[in-house]
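Source: prediction; values computed, not measured.
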Amino acid sequence: MIIVRNLKLKNHFLRLLFLTLFVLMLFPGRALASNTPGRVSRLTAKASESQVVLRWKKVNNASGYYIYRSTGDSAQIKKIATVKGGSRTSYTNKKLKNNVVYTYYIAAYRKTGRRTYMGDKSKPVRSKPRVITPSVPALKIFGNNSGSVSLAWGKSSKATGYQVLYKNGNSYQIIGKVKNSTNKKSFSYTVGKLTNGQTYDFVLRAYRTVGGVTAYSNISNKVTGRPAEKSAAASAVHGAYYTVQARSNIPGTPIRKGAKALMISGAPNTSTATLQYKGKTYSRISTSKIKILSYSLNGKKVYSKSQAEAYVNYKGYSSTTKYLVWINLYTQRIYIFRGRQYNWKLYKTSTCSTGLLRSRQPDGSIQFSYTKNGVAKISCKEYEAEFVDCYGRWVTYFWGYKAYAIHTWVMQLGTSNTKIGPVRFGAPASQGCARVPDAFAQWVYKYIPIGTTSVVY
């Protein structure tokens, strides 16, 4: 009887052993739980243009992580990457299609000897890359001509190009496109076939295209153009002329290397210029082809009230305040207008001294220090401002933040009013600012509001 009992126990033990092995074969993960890493948690996905950045919480005892992804509506999940190192908790998935939804899962893994144990996949996260929306530049009226209006704007670095739109009521119509360029800082577009005397509203929109997907900026500020015949009074006005010398032979012209000409349109800070040579005019000449030698100015000339008003109204300058400031380099004068776009009236004027073409610095070097041409705004003011070994008073900045300003003649540091002479208005003397008599500087400082449009021409 004892032998029988032992056989029964032995058979019972064998049955338990086989059952245990069978369970282990069905559920190996439970048997190896100590080697299997935990489930990834706190998985996040942040999309930008053409990529998604994944981040998650570190899993204890993990040797690394497997990255899985499905695309769009597809249920098929593929492993796309392996992140080695348990302490690494981020991954950037690049070169993705924009406007496509991507679903991600992450599973931690652990390597022990020759075996690899994988934990459960995380909860899914979804993300959609999108094309960067470019910024929209400020739009300006560059000029009104007979039957046309010229528009200008600055650069949007992320833009592929720009759309010029005509606003008709509450709707917009695309009338032109301009491609962006790495070599340009500003752009222009001329709208033609317009009726003289009629007003037209224009706006601008920048766009960016990546992989066939396009993102558009907001609509820019609205500008109003009014094409017109240029009157004799407006035609009498011009900016500074410059004597220039060709750096090399200029294609399409008889101007050869070393020849001198008169630059009648353009400035040191513009990309192209118009040259007058032996009685003929040549347009769209790259300023890189020429060397500016000297100004051709007339500091004794004063444009009449009718000429000044005709010019600024013909150009179509606008301002967010009731004032407009015009610094004319040719006459070395500042003209102040009151009113509004196309209805400016000359209010005040003064002689001035703008920037020298070149100035000697304290270290003996020569610096190109002209007054920058273009359209800007009054940005800020200071009662006194210190410059290089001198200071000015009643300082009103008309270009950039504390860059170029209208102020008094400069004075010696440590003095209350000792001018550094000779004081001589009507000719360039500064390093870019516009020096004016004390009373005029004080008036501008007191009455011209921040945001007023300033024109340098």
Inset, instruction - Might you work through the side chain to side chain contact (heavy atoms under 4.5 Å, CB included) test for Leu54 and Asn93, ending with a clear yes or no? - result: CA-CA 8 Å; Leu54 302 173; Asn93 192 194; 5.6 Å; no
Legend entry - Derivation of the side chain to side chain contact (heavy atoms under 4.5 Å, CB included) call for Ile448 and Ile336: CA-CA 9 Å; Ile448 298 299; Ile336 307 292; 4.0 Å; yes
Legend entry - Option from Trp394, Tyr445, Tyr391, Tyr397 for which side-chain hydrogen bond (donor to acceptor under 3.5 Å, both in side chains) with Glu382 holds: Tyr397
Within the supplied structure, the quantity of interest is the number of heavy atoms (other residues, nucleotides, ligands) at a distance under 6.0 Å from [X] [atom1]; does it exceed 12?
X: Lys230; atom1: NZ; value: yes
X: Arg55; atom1: CZ; value: no
X: Arg42; atom1: CZ; value: no
X: Tyr401; atom1: OH; value: no
X: Gln76; atom1: CD; value: no
X: Arg340; atom1: CZ; value: no
X: Asp201; atom1: CG; value: yes
X: Lys97; atom1: NZ; value: no

Without swapping roles, check the side chain of [X] against the backbone of [Y] for a donor-acceptor pair under 3.5 Å.
X: Asn269; Y: Asn373; answer: yes
X: Lys111; Y: Ser63; answer: no
X: Thr274; Y: Ser265; answer: no
X: Thr371; Y: Gly432; answer: yes
X: Tyr105; Y: Lys123; answer: no
X: Lys155; Y: Lys184; answer: yes
X: Asn343; Y: Gly339; answer: no
X: Tyr117; Y: Thr112; answer: no
X: Tyr342; Y: Thr224; answer: yes

Please give me the minimum heavy-atom distance between [X] and [Y], naming the atom from each residue.
X: Trp153; Y: Val164; result: CH2-CG2, 4.0 Å
X: Ser50; Y: Val210; result: OG-CG1, 3.9 Å
X: Ala108; Y: Val40; result: N-CG2, 3.8 Å
X: Ser318; Y: Thr453; result: O-OG1, 2.6 Å
X: Ser48; Y: Asn98; result: O-OD1, 4.3 Å
X: Pro37; Y: Met118; result: CD-C, 4.3 Å

Out of curiosity, [X] [atom1] to [Y] [atom2], how far, rounded to the nearest 0.5 Å?
X: Arg39; Y: Ser122; atom1: CZ; atom2: OG; result: 6.5 Å
X: Ile450; Y: Ile378; atom1: CD1; atom2: CD1; result: 7.0 Å
X: Arg338; Y: Ser319; atom1: CZ; atom2: OG; result: 12.5 Å
X: Asn249; Y: Lys289; atom1: CG; atom2: NZ; result: 9.0 Å
X: Tyr241; Y: His238; atom1: OH; atom2: NE2; result: 3.5 Å
X: Ser294; Y: Tyr242; atom1: OG; atom2: OH; result: 10.5 Å

Do [X] and [Y] make a side-chain contact, defined as non-hydrogen atoms from C-beta onward lying under 4.5 Å apart?
X: Ile292; Y: Leu357; value: yes
X: Ile250; Y: Leu275; value: yes
X: Arg69; Y: Leu96; value: yes
X: Pro129; Y: Val52; value: yes
X: Asn221; Y: Val223; value: yes
X: Val456; Y: Phe398; value: yes
X: Tyr404; Y: Ser430; value: no
X: Val444; Y: Val325; value: no

Legend entry - Set of side-chain hydrogen bond (donor to acceptor under 3.5 Å, both in side chains) partners for Thr209, sequence neighbours left out: Thr214
Inset, instruction - Taking side-chain hydrogen bond (donor to acceptor under 3.5 Å, both in side chains) as the test, write out the residues that go with Ser146, two or more places apart. - result: Asn196, Glu229
Inset, instruction - Test Glu49 against every option in Arg130, Lys94, Arg208 by the salt bridge (Lys or Arg N to Asp or Glu O under 4.0 Å) rule and name the one that passes. - result: Arg208
Inset, instruction - Assess the side chains of Ser156 and Ser135: does a donor N or O sit below 3.5 Å from an acceptor N or O? - result: yes
Inset, instruction - Could you tell me whether the side chains of Tyr162 and Asn180 share a donor-acceptor contact shorter than 3.5 Å? - result: yes
Inset, instruction - From the options Glu384, Arg393, Gln442, select the one residue that forms a side-chain contact (heavy atoms from CB on, under 4.5 Å) with Thr408. - result: Arg393
Inset, instruction - Step through it carefully: locate the ring centre of Tyr66, locate the ring centre of Tyr109, and say whether they are under 6.0 Å apart. - result: yes
Inset, instruction - Taking the six-membered ring for Trp and the full ring for Phe, Tyr or His, determine whether the centres of Tyr68 and Tyr104 are under 6.0 Å apart. - result: no
Inset, instruction - May I ask you to check if Lys348 and Phe337 form a cation-pi contact, with NZ or CZ under 6.0 angstrom from the six-membered ring centre and within 45° of the axis? - result: no
Legend entry - Axial cation check for Tyr216 ring with Arg205, 6.0 Å and 45° limits: yes
Inset, instruction - Could you walk me through whether Tyr102 and Thr71 pass side chain to side chain contact (heavy atoms under 4.5 Å, CB included), step by step? - result: CA-CA 5 Å; Tyr102 293 90; Thr71 304; 3.8 Å; yes
Legend entry - Test side chain to side chain contact (heavy atoms under 4.5 Å, CB included) applied to Ile141 and Gln341, step by step: CA-CA 11 Å; Ile141 293 288; Gln341 186 183 31; 4.1 Å; yes
Inset, instruction - Show your reasoning for whether side-chain hydrogen bond (donor to acceptor under 3.5 Å, both in side chains) applies to Thr321 and Thr452. - result: CA-CA 5 Å; Thr321 75; Thr452 297; 2.8 Å; yes
Inset, instruction - Identify which one of Tyr457, Tyr311, Tyr317 satisfies the ring pair (Phe, Tyr, Trp, His ring centres under 6.0 Å) criterion when paired with Trp326. - result: Tyr311
